[in-house]
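Hydrogens, waters and symmetry mates are skipped; everything else that's a heavy atom, side chains included, is used.
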Number of protein chains: 2
Amino acid sequence: MAHPQLPREEVIDRLTAVFRREGYEGASLALLSEATGLGRSSLYHHFPRGKEDMAEAVMLAAREKLTNLVLERLAGPGSPRERLSAAVRGWDEFYHGGEASCLTELFSVGAARESFQSLLLSGITRLRGAIAELLAEAGLSKELAEKRSLDALVTIQGGLVVGRASNDPKIFQTVLAELPDRLLSA
Amino acid sequence: MAHPQLPREEVIDRLTAVFRREGYEGASLALLSEATGLGRSSLYHHFPRGKEDMAEAVMLAAREKLTNLVLERLAGPGSPRERLSAAVRGWDEFYHGGEASCLTELFSVGAARESFQSLLLSGITRLRGAIAELLAEAGLSKELAEKRSLDALVTIQGGLVVGRASNDPKIFQTVLAELPDRLLSA
DNA sequence: GTCTATAAGCAGATAGAC
DNA sequence: GTCTATCTGCTTATAGAC
């Protein structure tokens with residue numbers, strides 16, 4: 001088993017699962033190694049600065065996934081409502097129906113906070129912009145669109161936290177399902 | 001410096017600050033010791049099972065604070081709107097104006113999750129009940145009151161997460177300020 | 001690109017003096 | 001009730017063989 005290897009994308013997916021389950025501090029090299037099937041040294045080969053590099057790769061991959069699953073759908077073809085519904089399905093997939101914790105929460109605490117703050121902020125800004133644009137296109141005033149774009153993110157993150165703390169992913173799914181009507185209502 | 005000591009309440013406040021800043025895994029005995037001014041052994045004297053006992057004490061103290069700052073105000077004297085406004089001020093104080101992270105998030109990840117899940121769930125249930133009762137009293141149908149009580153918690157937690165990730169506590173405060181109108185509207 | 005072996009330090013935890 | 005000293009195991013990280 002010298003050369004062949006899991007594709008990098010699959011490695012990062014497995015790293016992501018560990019960070020989501022254990023948090024940044026809790027994700028030890030032992031767990032990360034076990035989850036990927038790579039020895040510690042192999043991990044350092046791919047991620048020279050160790051855990052910090054892995055976390056960064058996880059964040060960037062998450063950003064890309066969110067781009068594909070949500071942002072592109074918000075900006076895609078179709079009516080605002082159709083695009084919003086498609087984006088909602090994307091969020092549901094991204095968070096595994098509410099079972100996956102949000103990297104936003106996990107990486108805004110402790111040692112990880114400083115490292116990833118700017119990445120978190122830019123991700124939020126980008127999402128807010130895309131939602132606000134869609135809502136403006138749907139006929140809402142610019143001011144209201146801005147306001148509701150924040151409301152959307154707050155609701156999604158909150159639904160995730162409350163759903164996970166209650167051990168009831170349905171909470172997240174219900175919150176998501178009601179989002180389009182709420183955002184688009186006059 | 002043999003006998004005299006910080007009162008237990010003050011010790012727990014300082015432990016709380018560390019857990020909130022670092023998360024459960026990140027809160028090392030070294031940090032907890034430094035924050036309280038107590039040596040490791042002293043911490044073990046007060047909290048025999050170590051970190052887990054400290055975290056439990058922190059959770060129970062938070063529960064009590066939330067009882068005083070929010071629950072009692074929701075059930076207190078005055079009109080529903082007045083009580084809701086008082087509770088909102090309590091939430092703001094509890095979360096230090098949005099700067100303090102929520103223990104709910106931190107303790108629903110990794111090793112802490114299993115230990116504290118039931119405590120988290122009961123806290124959420126208790127709060128939801130109190131909010132729903134107030135809203136029913138204000139004239140909302142039982143069904144709508146239930147629904148909005150969940151919406152309240154989702155919004156508060158979400159505002160906290162998004163505000164912290166954006167490094168902008170005003171987000172949390174704005175979300176809080178708009179809560180009474182939103183919950184009480186017909 | 002992966003492995004084994006190992007280093008150096010910090011984690012949580014305990015014993016026993018004062 | 002606090003302290004110093006210590007222990008074991010796990011942490012991140014590196015060196016070097018294959």
Enquirer: Does B:Lys51 make a cation-pi contact with B:Tyr24 (under 6.0 Å, within 45 degrees of the axis)?
Expert: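 Pair B:Lys51/B:Tyr24 counts as cation-pi.
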
Enquirer: Nearest to the side chain of B:Tyr44, heavy atoms from C-beta on, is which of D:dG1, C:dT14, D:dT11?
Expert: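 The nucleotide sitting nearest to the side chain is C:dT14.
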
Enquirer: Applying side chain to side chain contact (heavy atoms under 4.5 Å, CB included) between A:Val18 and each of A:Glu22, A:Arg20, A:Arg14, report the one that passes.
Expert: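 Per the side chain to side chain contact (heavy atoms under 4.5 Å, CB included) rule, the option paired with A:Val18 is A:Glu22, out of A:Glu22, A:Arg20, A:Arg14.
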
Enquirer: How close or far is atom P of D:dG9 from atom NZ of B:Lys51, stated in whole angstroms?
Expert: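 My rounded result for the distance is 19 Å.
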
Enquirer: Calculate the interatomic distance between A:Leu32 atom CG and D:dC10 atom C1'; express it in whole Å.
Expert: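 So the two atoms are 14 Å apart, to the nearest Å.
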
Enquirer: Any luck finding a side-chain donor-acceptor pair between A:Ser85 and A:Arg73 under 3.5 Å?
Expert: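 Result is no, nothing qualifies.
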
Enquirer: In whole Å, I'd like the distance from the NE2 atom of B:His45 to the P atom of C:dC18.
Expert: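 Result: 19 Å.
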
Enquirer: Taking the side chain of B:Arg40 as its heavy atoms from C-beta onward, which of D:dT11, C:dG12, C:dG1 lies nearest to it?
Expert: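 Within the option list, the nearest is C:dG12.
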
Enquirer: If you check every side-chain atom of B:Ser41, which of D:dT11, D:dG1, C:dA15 has the closest atom?
Expert: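 That would be C:dA15.
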
Enquirer: Using whole Å, what does the distance between atom P of nucleotide C:dA13 and atom NE2 of B:His46 come to?
Expert: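 Rounding to the nearest Å, NE2 of B:His46 and P of C:dA13 are 17 Å apart.
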
Enquirer: Kindly point out which of D:dA13, C:dA13, C:dG1 is positioned nearest to the side chain of B:Leu29?
Expert: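 When the side chain of B:Leu29 is considered, C:dA13 is the closest of D:dA13, C:dA13, C:dG1.
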
Enquirer: Out of C:dA11, C:dG1, C:dA13, which has the shortest distance to the side chain of B:Ala30?
Expert: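 In terms of side-chain proximity for B:Ala30, the closest of C:dA11, C:dG1, C:dA13 is C:dA11.
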
Enquirer: Atom CG of B:Leu43 and atom C1' of C:dT14: how far apart are they, to the nearest Å?
Expert: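 Atom-to-atom, B:Leu43 to C:dT14, this comes out as 14 Å.
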
Enquirer: Can you tell me how far P of D:dT14 sits from CZ of A:Arg49, to the nearest Å?
Expert: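 That distance rounds to 12 Å.
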
Enquirer: Are side-chain heavy atoms of A:Arg83 and A:Glu72 found at a separation under 4.5 Å?
Expert: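 Not in contact.
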
Enquirer: If you find the nucleotide of DNA chain D closest to B:Leu38 and the one closest to A:Ser28, which residue's nucleotide is nearer the 5' end?
Expert: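 Between the two, 5'-proximity favours B:Leu38.
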
Enquirer: Hey, does the side chain of B:Ser42 come within less than 4.0 Å of D:dG1's phosphate (OP1/OP2), counting only N and O?
Expert: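 No, B:Ser42 has no side-chain N/O under 4.0 Å of OP1/OP2 on D:dG1.
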
Enquirer: Rounding to a whole Å, what distance do you find between A:Leu31:CG and D:dG9:P?
Expert: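 Answer to the nearest Å: 19 Å.
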
